[in-house]
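Working notes, beginning with the structure itself.
Sequence lines set the chain letters: A, B, ... in the order given, protein chains first and strands last, and positions in each chain run from 1.
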Protein chains: 2
Amino acid sequence: MVSIPVLTLKRLPQYLELLQQFQREGQSHVSATRLAEITGVHVTQVRKDLALTGVVGVPKVGHKTAELIEAIKSFLNWNDSSSCFLVGAGHLGSALLGYQELSRKGLSIVAAFDTDPALSGTTVNGVKIYGLDRFANLCRRLHINIGILTVPSEHAQATAQMMIDNGIVAIWNFTPVHLDVPEGVIVENVDMSASLAVLSHRLAEKLHHETKVERSH
Amino acid sequence: MVSIPVLTLKRLPQYLELLQQFQREGQSHVSATRLAEITGVHVTQVRKDLALTGVVGVPKVGHKTAELIEAIKSFLNWNDSSSCFLVGAGHLGSALLGYQELSRKGLSIVAAFDTDPALSGTTVNGVKIYGLDRFANLCRRLHINIGILTVPSEHAQATAQMMIDNGIVAIWNFTPVHLDVPEGVIVENVDMSASLAVLSHRLAEKLHHETKVERSH
DNA sequence: AATTTATCGATATAAAAGTATCGAATAAGA
DNA sequence: TCTTATTCGATACTTTTATATCGATAAATT
């Protein structure tokens, strides 16, 4: 099997976002050239990325917008929705519960869990919040295999372990903690810190550089 | 000037997180070997990454934990705090306002803005929320140069433009929209979609593969 | 109908990132 | 004091990812 470059996978949603915008604007066709111009990704790269999803384009006109959207969605498995549990219904957790977009990306949060007894029994955006003691039972019964981890750092590893013990094989990790998991378990980190690190360093570099330029006048 | 690989920048916060944990546990020294074991990053890679921050280690004992922490923090400019504005105080916006960790990463949200008049005048975690009409004035007066973008997709580009028009040079973009900005403006995307794409595809691949294996028995 | 132009997709080259190897340095133990 | 084990840091190598080149194709134009 051909292994898909991670970076390609990460670019696909960006194309998808644009394509859906084009579709709303009524554009029936889009060329790789166009996508490249807007995203800043190199044309050849866009072509390679799209090629992996299996679509073929037509010279002079490009790709059918609708077809391309379908191809990307099905490639990412965003067409049929997967059920998942969310653990940690604090600020970030509630934000995700309220995030409508997720359903458009094939993810349906069917229940949330939190240690705080005050939250237990409440509902956020139609999703019910349970105490952690209910997790094991529900998780096994509903055959959930995706878990969203939005607990405080200190509970990250233990919570991840609980998920794994109850059959979860893919963890979407929003904590800055590196999770130690058995082979075969998929962990995907949403690394806000990583992103902030890039921003901070770039900005410091930029400001420092500008100061130097000013001084040299 | 030596340009820092983006991926190195992204790994640094991960090391930092671990190092701070080690420090709490009272470990005065950490070796690259140790960091590599835990993070899963190759030893040589860890060494290269650390080398870029300018620290030097001692054979047989490794690096001084405290020194390494300081080196990474100062390299990322996380020691002195930068003021920033947040626009879009919805679910995700409020989550960020309530996210204490940010201050430990050199980011201080000094004000938030939202179109919803109901939010105007309220306070989340000590941060006051204003109407968007106040943005221009406050932004210029306080010389803010970092903006956090947490508005709905359809307002992303326009809001970004407003930020730039008022002196913001670095945008931390939480929307899935690709922002079109003038040269020199730094955009850093927290790509939840990208991350979800990797998760979805990996999981689909894994499940598909397991099904095949089962069938072959 | 012939020509031009925009785009595709394949192949080849270049750059970047990751991995392996090796000598040097230093603490700990013989 | 000498040897051994561990870790560092530099250099060389490999793999991955990105960019460039080029012929082929199909719509638009002459």
Report task. May I ask you to check whether Asp49(A) and Thr8(A) show a side-chain donor-acceptor distance below 3.5 Å? Result -> yes

Query raised in the report: So what does Ala51(A) hit on the nucleic acid, given a heavy-atom distance under 4.0 Å: a base, only sugar-phosphate, or nothing?
Result: nothing

Query raised in the report: Reckon Arg11(B) touches a base, only the sugar-phosphate, or nothing at all at heavy-atom distances under 4.0 Å?
Result: sugar-phosphate

Query raised in the report: Is there a donor-acceptor pair under 3.5 Å between the side chain of His42(A) and the backbone N or O of Thr44(A)?
Result: yes

Query raised in the report: 5'-most contact on DNA chain D: Thr8(A) or Val61(A), nearest heavy atom basis?
Result: Thr8(A)

Query raised in the report: Looking at the side chain of Pro59(A), which of dT7(C), dA18(D), dT26(C) is the nearest nucleotide?
Result: dT7(C)

Query - Distance, rounded to the nearest Å, where Lys48(B) contributes NZ and dC8(D) contributes P - result: 16 Å

**Report entry** Nucleotide nearest Pro5(A) (side chain, heavy atoms from C-beta), chosen from dG9(D), dT19(D), dT17(D)
**Finding:** dT17(D)

Report summary line: Closest to the side chain of Gln45(A), out of dT26(C), dG18(C), dT19(D), is dT19(D)

Query raised in the report: Within this structure, what is the CD1-to-C1' distance between Ile4(A) and dT16(D), rounded to whole angstrom?
Result: 14 Å

Query raised in the report: Can you find an N or O donor on one side and an acceptor on the other, under 3.5 Å apart, linking the side chain of Lys60(A) with the base of dT4(C)?
Result: no

Query raised in the report: Salt bridge check: are Glu101(B) and Arg104(B) linked by an N-O gap of less than 4.0 Å?
Result: yes

Query raised in the report: Does the gap between the ring centers of His91(B) and Tyr99(A) come in under 6.0 Å?
Result: no

Report task. Tell me which nucleotide among dG9(D), dT7(D), dG9(C) gets nearest to the side chain of Val56(B). Result -> dG9(D)

**Report entry** Atom-to-atom span, NE2 of His42(A) to P of dA20(D) - whole angstrom
**Finding:** 4 Å

Query raised in the report: Any side-chain N or O of Arg47(A) less than 4.0 Å from the OP1 or OP2 oxygen of dC8(C)?
Result: yes

Query raised in the report: For the side chain of Thr33(A), counting heavy atoms from C-beta on, which of dT26(C), dA18(D), dT7(C) is nearest?
Result: dT7(C)

**Report entry** Length of the line joining Lys64(B):NZ and dA27(C):P, which is rounded to integer Å
**Finding:** 11 Å

Query raised in the report: For residues Asp191(B) and Ser193(B), is any side-chain donor paired with an opposing acceptor at under 3.5 Å?
Result: no

Query raised in the report: Rounding to a whole Å, what distance do you find between Leu7(A):CG and dT16(D):C1'?
Result: 10 Å

Report summary line: With the side chain defined as heavy atoms from C-beta on, Thr44(B) is closest, among dA18(D), dA20(C), dC8(D), to dA20(C)

